[in-house]
Amino acid sequence: MARARSRSPRSNLQIADQKIVFIGTSTRFDLGQKYCGVNNGLFKCKERIKELGGEVVGTVASGRKIIPKDEKMIERADLVVKMSNYADVDLQKAETEQKKVVDQETFMAALFETTVLRL
């Protein structure tokens with residue numbers, strides 16, 4: 001007799017119990033269309049992360065200097081996703097904190113099961 005398959009959501013990205021922060025506030029339109037079927041796929045990404053047991057710490061808006069609230073979000077995160085309009089100061093903060101930094105296309109492909117993300 002065949003075993004019943006689990007109906008839990010699958011992903012090639014292990015994000016259960018991961019804290020994720022987005023630097024930048026939007027996805028590229030072509031990526032949003034490709035992976036989510038909408039122009040800006042940020043909301044769909046956040047929904048998918050919750051389905052898989054991850055936590056979205058927040059979204060850091062672009063700016064010329066990093067503000068304390070954004071600094072704390074980056075410090076709390078396990079994974080930092082560079083969106084299309086990220087600021088260099090935010091990326092530098094993530095690198096200083098030695099966070100795993102992933103570009104948005106790699107992240108979205110893994111999140112929506114088309115490739116495997118190696119962290």
Side-chain angles (χ1 to χ4, degrees):
M1 181 173 218
R3 285 180 28 189
R5 297 186 97 180
S6 169
R7 297 214 183 261
S8 63
R10 287 186 8 185
S11 174
N12 292 322
L13 180 61
Q14 298 300 319
I15 62 167
D17 302 322
Q18 293 278 321
K19 293 182 174 114
I20 299 166
V21 69
F22 294 94
I23 57 173
T25 55
S26 65
T27 60
R28 290 187 354 227
F29 290 144
D30 61 329
L31 296 179
Q33 285 292 329
K34 181 177 179 181
Y35 297 108
C36 306
V38 295
N39 287 339
N40 185 352
L42 184 60
F43 183 74
K44 295 275 188 183
C45 287
K46 289 179 178 182
E47 282 182 337
R48 182 75 174 138
I49 290 166
K50 287 180 185 176
E51 283 177 20
L52 297 171
E55 177 187 345
V56 177
V57 175
T59 303
V60 176
S62 303
R64 292 188 179 170
K65 75 179 209 179
I66 193 162
I67 58 174
K69 179 186 85 154
D70 295 343
E71 209 170 56
K72 286 185 174 100
M73 279 194 283
I74 293 171
E75 288 170 0
R76 284 186 52 211
D78 300 314
L79 180 65
V80 176
V81 181
K82 293 188 307 185
M83 301 306 279
S84 61
N85 58 343
Y86 72 92
D88 288 333
V89 293
D90 300 326
L91 180 60
Q92 289 170 355
K93 175 62 180 173
E95 289 171 346
T96 301
E97 292 290 323
Q98 298 179 339
K99 301 296 178 180
K100 297 174 194 166
V101 179
V102 180
D103 69 273
Q104 67 176 333
E105 184 164 16
T106 305
F107 180 75
M108 289 177 77
L111 190 63
F112 295 101
E113 304 187 70
T114 59
T115 188
V116 177
L117 178 62
R118 306 270 184 233
L119 297 177

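Numbering starts at 1 and runs along the sequence shown. Since the structure is predicted, the reported quantities are computational estimates derived from the model, not experimental observations.
Cluster membership for Val101 and Val56, using ILVMFWY side-chain heavy atoms within less than 4.5 angstrom, is not shared. Ile20 and Leu42 fall within a single hydrophobic cluster, where Ile, Leu, Val, Met, Phe, Trp and Tyr side chains are chained together by heavy-atom contacts under 4.5 Å. Using a 4.5 Å cut-off between side-chain heavy atoms of Ile, Leu, Val, Met, Phe, Trp and Tyr, with links allowed through other members, Ile23 and Ile66 fall into the same hydrophobic cluster. In the hydrophobic cluster analysis, where Ile, Leu, Val, Met, Phe, Trp and Tyr join through side-chain heavy atoms closer than 4.5 angstrom, Tyr86 is grouped together with Val57. Hydrophobic cluster membership differs between Val80 and Ile15, with clusters built from Ile, Leu, Val, Met, Phe, Trp and Tyr side chains linked at under 4.5 angstrom.
From Thr96, atom OG1 reaches atom CG of Leu91 across 9.0 Å, with rounding to the nearest 0.5 Å. Between the CG atom in Asp70 and the CG atom in Asp90 there is a gap of 6.0 Å [rounded to 0.5 Å]. Once rounded to the nearest 0.5 Å, the distance linking CD of Glu105 with CZ of Arg28 reads 5.5 Å. The distance from the CG atom of Leu31 to the CE atom of Met83 is 8.5 Å, given to the nearest 0.5 Å.
Tested against Phe22 for a side chain to side chain contact (heavy atoms under 4.5 Å, CB included), the candidates Lys46, Lys82, Gln104 yield a single pass: Lys46.
With sequence neighbours excluded, no residue forms a salt bridge (Lys or Arg N to Asp or Glu O under 4.0 Å) with Lys44. When the salt bridge (Lys or Arg N to Asp or Glu O under 4.0 Å) test is applied to Glu71, no partner is found at least two apart in sequence or on another chain.
Aromatic ring orientation, Phe112 versus Tyr35: parallel (interplanar angle below 30°, classes split at 30° and 60°).
Judged by distance alone, the side chain of Asn39 and the main-chain N or O of Phe29 form no donor-acceptor pair under 3.5 Å. Proximity of a side-chain donor or acceptor of Lys99 to a complementary backbone N or O of Ala77 within less than 3.5 Å is detected.
Here the side chains of Cys36 and Met108 are in contact, with some heavy-atom distance below 4.5 Å.
Of all non-hydrogen atoms in Met73 and Val60, the two that sit nearest each other are CE-CG2, 4.0 Å. Residues Leu111 and Ile49 share a closest heavy-atom pair of CD1-CG1, 4.1 Å.
Comment: Lys72 does not engage Glu75 in a salt bridge, judged by the lack of any side-chain N to carboxylate O separation of less than 4.0 angstrom.
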Phe107 and Leu79: CA distance, side-chain angles, deciding distance, side-chain contact (heavy atoms from CB on, under 4.5 Å) verdict: CA-CA 10 Å; Phe107 180 75; Leu79 180 65; 3.9 Å; yes

